[in-house]
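Notes for the one structure printed next.
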Amino acid sequence: MANDNKLQNIIAHCKEYGFIFQSSEIYDGLSAVYDYGQYGSELKKNIRDYWWKSMTQMQDNIVGIDAAIFMHPTVWKASGHVDNFSDPMIDNKDSKKRYRVDHLIEGYAETLPEADAKSLLQKMDELLAKDDFAGLKTLIEDNKIKCAVSGTANWTDVRQFNLMFSTEMGAVASDNPEENKVYLRPETAQGIFVNFLNVQKTGRMKIPFGIAQTGKAFRNEIVARGFIFRMREFEQMEMQFFVRPGTQKEWYEHWKEARMKWHLSLGISPERYRFHDHVKLAHYADAACDIEYDFPMGFKEVEGIHSRTDFDLKNHQQYSGKKLTYFDTELNQHYVPYVVETSIGLDRTVMMLLSEAYEEQDLSTDEKQDSRVVLKFPPLVAPIKLAILPLTKKDGMPEIARQLMDECKPYFKCFYEEKDSIGKRYRRQDAIGTPFCVTIDGQTKEDNTVTIRHRDDMTQERVTLSSVKDIVLKAMQV
RNA sequence: GCGGGAGUAGCUCAGUCGGUAGAGCGACAGUCUUCCAAACUGUAGGUCGCGGGUUCGAAUCUCGUCUCCCGCUCCA
């Protein structure tokens, strides 16, 4: 199957079978925002639960929190988001290339003698500080700065791009809206940093230790695209691991390996993963890499592992005026811990599992044409674990099926259906990725056995009614 | 944001020269009682993405707009 069709087919399948719908679809949709339907939300929740369990319950030195989406505006000053991600941009009308204004001018300055460059950059900094966009455009035009692609100086006006969404807090409109401005967090990490001491003290945590959190984040991307890959509202699963300064390198390597193990535990083939080490590092990092998955549109980042140094805690210390140090009893000294972050996109993980699971199969024989679409989810994350199907709706079969439902329901999500031919019901479950179907037939009443049908190879085996629950539970272990 | 493509039933699509909309699948209710879709009967479902224009008349021509996909661009 051609990969460009694969993504389209997955999108269509997700809609048709209740996984993912476009937001506000009856109003023509809202760009790059999606809703999870009845099966999509189960899938997403199962992934989130598995991550949470792996990163908290299974770790002696990691605890979870749930920080608010709204935070004090100064948080984003301290984190660098206000200054680093509201860059003025300019487009060349001929080449249609877009540039960050500072990069464009800096690039030009490098071609100038040192003294000229210095005065140009100084002028630029002054204008940037005043948000004087008209002045910046004039500066570019006066210096006859050209586009590297078109070679022309035919520029649009300078426009500001803000990564963060903002809103106003408080009931009464202020004369100065800036006073009431709060942001929707662009990452969950800062909620962990500002609670670092609260958790450390109340949890009596000893370094090295981690704080985990899942939650929504919001970014006003210039171009949000690729189905649920890059959305304006998305969910992150992050863990910040606080370590003794100087040990960050070994912990970075530790988490790199640990997180890749987690990915592989989902049964995804190793050749679909690769590490991408960052060469150009962000302002806060001393090492960074991505775990990339081979999506239908190519290798793309699913998770990032970043050695964030003491950048965040140090800045929060400075902006808040509160000490954010840890007393290390072994070393008998205070220090600001270093941080190694693991940050995975939940929606991207959903998309990864969909891409991995989606398969169109041709089951034709000489006699007849046949095909099916199957989602080969690991049982742990499948929205429905077990479909319970009476072969017919007579002869007491539905009653036995209902009893089995009652037995299994408390342990995992089940689905009951008695309509249509058994083959049709199997195929419907394949399409939503249900790993097991149990069929109650005439023999069940005689000897308390049922057939259990396996999704991936479509084989069946006869088992006792009483063993069904444990078979499913066992398959759900990873 | 720029360029290209697309938008007709839940899904995939057809719709000729401008003359008021069709198929297959699916869904629902029955029949059949059968271990792997497409057997039979019946039913529901569409302001042809939205808005303006041309026309006696627009799914069709035209302009605008929204959304999706691809490429570029950007990206923690």
From CG of A:D420 across to P of B:C40 the rounded distance in Å is 14 Å

Exercise for review: Please measure how far the C1' atom in B:U54 lies from the corresponding atom in B:C61, and state the result in whole Å.
Suggested key: 8 Å

| task | Give one of base, sugar-phosphate or nothing for A:K394, where a contact means two heavy atoms less than 4.0 Å apart. | result | base

- Item | Rounded distance in Å between the P positions of B:U12 and B:G26 | 15 Å

*asked:* Measuring only the C1' atom in each nucleotide, how far is B:G18 from B:U55? A whole number of Å is fine.
replied: 9 Å

With sequence neighbours left out, the residues meeting side chain to side chain donor-acceptor pair (under 3.5 Å) with A:H316 are A:Q190

Between CZ of A:R230 and P of B:C69 the distance, given in whole Å, is 12 Å

Residue set satisfying ring-ring contact (aromatic ring centres under 6.0 Å, His included) with A:Y108, at least two apart, ordered chain then number -> none

For A:K256, the side-chain contact (heavy atoms from CB on, under 4.5 Å) test, sequence neighbours excluded, returns A:Y252, A:E253, A:F275, A:D277, A:C289, A:I305

Between A:F227 and A:Y34, ring centroids under 6.0 Å = yes

Looking only at B:A37, B:C35, B:C11, the nucleotide nearest the A:A12 side chain is B:C11

By side chain to side chain donor-acceptor pair (under 3.5 Å), A:S54 pairs with (sequence neighbours left out) A:W262

In numerical order, the residues of residues 426-440 of chain A whose heavy atoms come under 4.0 Å of RNA chain B are A:Y426, A:R427, A:R428, A:T439

Whole-Å distance, A:E417 CD to B:C28 C1', equals 12 Å

Residues at least two apart in sequence or cross-chain that pass ring-ring contact (aromatic ring centres under 6.0 Å, His included) with A:F234, listed by chain then number, are none

Notebook entry, point to check: If the C1' atom of B:U73 is compared with that of B:G4, how far apart are they to the nearest Å?
Noted result: 15 Å

Inset, instruction - With heavy atoms under 4.0 Å as the rule, sort A:S343 into base, sugar-phosphate or nothing. - result: nothing

**Message:** Please check this pair: side chain of A:H72 against backbone of A:T74, looking for a donor-acceptor N/O pair closer than 3.5 Å.
**Reply:** yes

From CD of A:E16 across to P of B:U12 the rounded distance in Å is 7 Å

Read 5' to 3' with Watson-Crick or G-U pairs under 3.5 Å, [ ] for crossing pairs and | for partners on another strand, RNA chain B gives (((((((..((((.....[..)))).(((((.......))))).....(((((..]....))))))))))))....

Original post:
If you draw the axis of the six-membered ring of A:F165, does the NZ or CZ of A:R219 fall within 45° of it and under 6.0 Å from the ring centre?
Top reply: no

| message | Give me the distance, rounded to whole Å, that separates B:A9 from B:C28 when you measure between the C1' atoms they each carry. | response | 15 Å

- Is a salt bridge present between A:E292 and A:R274, judged by a nitrogen-to-oxygen distance below 4.0 Å? yes

Hits for ring-ring contact (aromatic ring centres under 6.0 Å, His included) against A:F412, two or more places apart or cross-chain, chain-then-number order -> none

Closest to the 5' end of RNA chain B, once A:V450 and A:E341 are matched to their nearest nucleotides, is A:V450

Quiz prompt | Side chain A:S364, main chain A:D370, donor-acceptor under 3.5 Å | solution = yes

Side chain to side chain donor-acceptor pair (under 3.5 Å) filter on A:N315, not counting sequence neighbours, yields none

message = Checking the side chain of A:D441 only, and the main-chain atoms of A:T444 only, is there a donor and an acceptor separated by less than 3.5 Å?
response = yes

Rounded to whole Å, CG of A:L363 lies from P of B:C35 at a distance of 18 Å

*asked:* OP1 or OP2 of B:C11 versus the side-chain N and O atoms of A:K15: is any pair under 4.0 Å?
replied: yes

A:R425 CZ to B:U33 P, in whole Å, measures 15 Å

Using a heavy-atom cut-off of 4.0 Å across all strands, would you classify A:H13 as base, sugar-phosphate, or nothing?
nothing

Spell out yes or no: do the side chain of A:R453 and the base of B:C36 have one donor N/O and one acceptor N/O closer than 3.5 Å? yes

Between the protein and nucleotides 41-47 of chain B, are there any N/O to N/O pairs under 3.5 Å, and if so, what are the atom names and distances?
none

Sorted by chain and residue number, the side chain to side chain donor-acceptor pair (under 3.5 Å) partners of A:K44 (sequence neighbours excluded) come out as A:E235

Atom CD1 of A:I422 and atom P of B:U33 are separated, to the nearest Å, by 16 Å

Margin query: On the six-membered ring of A:F436, is A:R453 placed so that its NZ or CZ lies under 6.0 angstrom from the centre and within 45° of the ring axis?
Written below: no

All N/O contacts under 3.5 Å from nucleotides 66-68 of chain B to the protein, with atom names and distances to one decimal?
| from | atom 1 | to | atom 2 | distance (Å) |
| --- | --- | --- | --- | --- |
| B:U67 | O4' | A:D28 | O | 3.1 |
| B:U67 | O3' | A:Q22 | NE2 | 2.8 |
| B:U67 | O2' | A:Q22 | OE1 | 3.1 |
| B:C68 | OP1 | A:Q22 | NE2 | 3.3 |
| B:C68 | OP1 | A:A32 | N | 2.7 |
| B:C68 | OP2 | A:S31 | OG | 3.2 |

Per side-chain contact (heavy atoms from CB on, under 4.5 Å), A:W51 is matched among A:L346, A:T56, A:I344 by A:I344

Taking only the P atom of each, what is the distance from B:G49 to B:U8 in whole angstrom? 6 Å

Taken to the nearest whole Å, CD/A:E292 to P/B:C75 is 16 Å

The answer to which of A:S371 and A:E25 contacts RNA chain B further toward the 5' end, by nearest nucleotide, is A:E25

Pick the C1' atom in B:U60 and in B:G22, then give their distance to the nearest Å. 16 Å

Taking B:A59 as the reference, what is the distance to B:G51 when you measure between their P atoms (whole Å, please)?
12 Å

